[in-house]
Amino acid sequence: MTIQDHVFRALADPTRRSILLMLAERDRTVGEVASRFDMTRPAVAKHLKVLGDGGLVTVEARGRERINRLNPEPLAQVAQWVARFEVFWDERLATLKQAVETTDD
C-alpha cells in the first residue's frame with residue numbers, strides 16, 4: 001500500500017475527518033480528542049494510528065502525554081491528485097451553463 005493509499009484510507013472515515021478538523025484548530029492529547037466523541041480512548045487511539053499511518057498526524061511525547069499534531073503535507077498531495085479531475089467538472093459546468101442559457105430564450 002502506498003502512502004497515498006494510506007491517506008485516502010484515513011480520509012475515508014468521517015470520524016477521522018472530524019479529528020483532523022479538531023487538530024487543525026490546535027494540537028491535542030488522545031483524551032482531549034476522545035472527550036469530543038462517544039467512544040473509548042482506545043477507539044480514538046486507533047483512529048489516530050490510522051491518521052498517523054497516512055502521515056496526517058504526528059505524535060510528540062511530552063512527559064507522560066502524547067500530543068497529536070496535524071501534518072497538512074499529505075493533504076496537499078491529495079489536493080493535487082484531485083485537481084487533475086477539475087477539468088471534467090469545468091467542462092460539465094460549461095455545458096450546463098450553455099444548456100441553461102439556450103433554454104431561457
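These values consider heavy atoms only, across backbone and side chains, with no hydrogens, waters or symmetry-generated copies.
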Nearest 0.5 Å, please: how far is [atom2] in [Y] from [atom1] in [X]?
X	Y	atom1	atom2	answer
L51	N68	CG	CG	9.0 Å
L48	L20	CG	CG	9.0 Å
N71	L23	CG	CG	11.0 Å

Going by the rule side chain to side chain contact (heavy atoms under 4.5 Å, CB included), which residues pair with R69 if we only count those two or more places apart in sequence or in a different chain?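 Partners of R69 by the side chain to side chain contact (heavy atoms under 4.5 Å, CB included) criterion, ordered by chain and then number, come out as D27, T58, E60, R62.
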For T29, all residues meeting side chain to side chain contact (heavy atoms under 4.5 Å, CB included), sequence neighbours excluded: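 E32, E65, I67.
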If you apply the rule side-chain contact (heavy atoms from CB on, under 4.5 Å), what do you find for Q77 with V7, and how did you get there? CA-CA 9 Å; Q77 295 169 7; V7 173; 5.6 Å; no
Nearest heavy-atom pair of [X] and [Y]: which atoms, and what distance?
X	Y	answer
V33	M22	CA-CE, 3.7 Å
A10	R16	O-NE, 3.0 Å
G55	P74	O-CG, 3.4 Å

Should L56 and V50 be counted in the same cluster of Ile, Leu, Val, Met, Phe, Trp and Tyr side chains packed under 4.5 Å apart?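 No, because L56 and V50 fall into different hydrophobic clusters, even though each may have its own neighbours under 4.5 Å.
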Check for me, please, whether L21 and L11 land in the same ILVMFWY cluster - side-chain distances under 4.5 Å, paths through other members count.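 Different clusters: L21 never reaches L11 through Ile, Leu, Val, Met, Phe, Trp or Tyr contacts under 4.5 Å.
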Passes salt bridge (charged side-chain N to carboxylate O under 4.0 Å, His left out), D5 versus R9? Steps please. CA-CA 6 Å; D5 292 337; R9 178 176 180 251; over 6 Å; no
Looking at R17, I'd like to know if its CZ atom is crowded, meaning that more than 12 non-hydrogen atoms belonging to other residues, nucleotides or ligands lie closer than 6.0 Å.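 Counting neighbours around CZ of R17, more than 12 heavy atoms of other residues, nucleotides or ligands fall under 6.0 Å, so yes.
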Identify, with sequence neighbours excluded, every residue that meets side chain to side chain donor-acceptor pair (under 3.5 Å) alongside H6.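 H6 satisfies side chain to side chain donor-acceptor pair (under 3.5 Å) with no residue once adjacent residues are dropped.
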Do R66 side-chain atoms and V59 backbone N/O form a donor-acceptor pair below 3.5 Å?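 Side chain of R66 to backbone of V59: no pair is present.
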